[in-house]
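Shown next, in structure tokens, is the structure this report addresses.
Just the heavy atoms: all of them, side chains too, but no hydrogens, waters or symmetry mates, feed the values below. Throughout, numbering of the chain's residues begins at 1 and tracks the sequence.
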Amino acid sequence: MVDFVGWSNLFGLRNAIARERGIAAYRAWVPLERIRPVSIPQEKWEETFAWPANNEPPYPPLTQRILREVIIYVAVVLGAAVLLQLFSPFPILTWLGELMKKLVG
């Protein structure tokens, strides 16, 4: 199923599948070759999805990834709190404000 999704670029997931499997998986696993469209030359495919030539990982540093995830989680929790404040009888933001006042002062 994953091969079909990658081969047909169903939902635009070909790049995500190829990057996730990476160049090591590409060389080791035949299924990644199955998702390479005939219109893309082998060299271009390897150049696009291979480990970078400078031997640095193709993803951001661990601290940057952790910080990004923490920011996303905080934004989601705050968004849920705002929605609860606006559309429910629970004044979540008011409670959090009072709790912060007690903690700070």
Value rounded to 0.5 Å, distance of CD in E98 from OG1 in T94: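 These two atoms lie 6.5 Å from each other.
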Between OG1 on residue T63 and CZ on residue R68, distance to nearest 0.5 Å: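 The CZ atom of R68 is 10.5 Å from OG1 of T63, to the nearest 0.5 Å.
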With clusters defined by side-chain heavy atoms of hydrophobic residues (ILVMFWY) lying less than 4.5 Å apart, directly or transitively, does [Y] cluster with [X]?
X	Y	answer
I66	Y73	no
W95	L84	yes
L93	L86	yes
L62	I71	no

Least distance between heavy atoms, P41 atom then S39 atom: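 Heavy-atom minimum between the residues: CD-O, 3.6 Å.
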